[in-house]
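First comes the structure, then the notes that go with it.
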Amino acid sequence: VTLEESGGGSVQPGESLRLSCKGYGRTFSASDIGWFRQAPGKEREFVASIKWIHTAYADSVKGRFTISRDSGENVVYLQMNRLIPDDTAVYYCNTNPPLEDSWGQGTQVTVSS
């Protein structure tokens with residue numbers, strides 16, 4: 001499956017962003033899709049995932065981020081509210097667990113005052 005992220009940007013603390021992950025391939029709608037992020041100098045970490053109607057979140061984003069999917073459009077969204085500076089990272093989508101060959105360019109999210 002091929003995945004393409006978009007929607008990043010620079011925002012102030014407390015603001016919101018919505019990331020999009022467009023999937024190409026017949027298996028996308030049935031796949032467990034995850035959002036991951038990598039901050040400078042840190043390991044890439046799990047953020048959220050969705051398979052059918054089942055979702056999972058990292059503790060650090062619970063209550064602030066919401067993952068959803070539009071199966072008709074083959075898109076998985078990550079709605080990020082009440083952003084904080086620690087959310088600054090490059091965000092990636094991939095299958096969950098991730099496939100090494102499916103990492104894309106990611107989309108940069110910067111939260112700063």
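Just the heavy atoms: all of them, side chains too, but no hydrogens, waters or symmetry mates, feed the values below.
- Between atom CG of residue Asp32 and atom CG of residue Asn94 there is a gap of 10.5 Å, rounded to the nearest 0.5 Å.
- Sorted by first and then second residue, the ring pair (Phe, Tyr, Trp, His ring centres under 6.0 Å) pairs involving residues 92-113 (not counting sequence neighbours) are Phe36-Trp103, Tyr92-Trp103.
- Rounding to the nearest 0.5 Å places CG of Asn74 at 8.0 Å from CZ of Arg69.
- Pairs engaging residues 2-11 under the side chain to side chain donor-acceptor pair (under 3.5 Å) rule: none recorded [sequence neighbours left out].
- For Arg82, there are no salt bridge (charged side-chain N to carboxylate O under 4.0 Å, His left out) partners, not counting sequence neighbours.
- Scanning for salt bridge (charged side-chain N to carboxylate O under 4.0 Å, His left out) contacts around Lys42 gives an empty result, with sequence neighbours left out.
- The shortest non-hydrogen separation linking Pro40 to Thr88 is CD-O, 4.5 Å.
- When all heavy atoms of Leu3 and Thr95 are compared, the pair lying nearest together is CD1-N, 4.0 Å.
- Between Pro13 and Val111, the closest side-chain pair of non-hydrogen atoms falls below 4.5 Å.
- Separating the CD1 atom in Ile67 from the CD1 atom in Ile33 is a distance of 8.5 Å, to the nearest 0.5 Å.
- Remark: Ser20 OG to Asp70 CG distance equals 10.0 Å, nearest 0.5 Å.
- Note on residues 54-113: pairs passing disulfide (SG to SG under 2.5 Å), not counting sequence neighbours, are Cys21-Cys93.
- Side-chain contact check for Asp87 versus Arg37: some heavy-atom pair is nearer than 4.5 Å.
- Under the 4.5 Å side-chain heavy-atom criterion for grouping Ile, Leu, Val, Met, Phe, Trp and Tyr, Val90 is not connected to Met80 through any hydrophobic cluster.
- Hydrophobic clustering places Val11 together with Leu78 (ILVMFWY residues linked when any side-chain heavy atoms are closer than 4.5 Å, directly or through intermediates).
- The distance from atom CD of Gln38 to atom CD of Gln108, rounded to the nearest 0.5 Å, is 11.0 Å.
- The number of heavy atoms from other shown groups lying within 6.0 Å of CD (Glu73) does not exceed 12.
- Residue pairs meeting the ring pair (Phe, Tyr, Trp, His ring centres under 6.0 Å) criterion with at least one member in residues 52-88, sequence neighbours excluded, do not occur.
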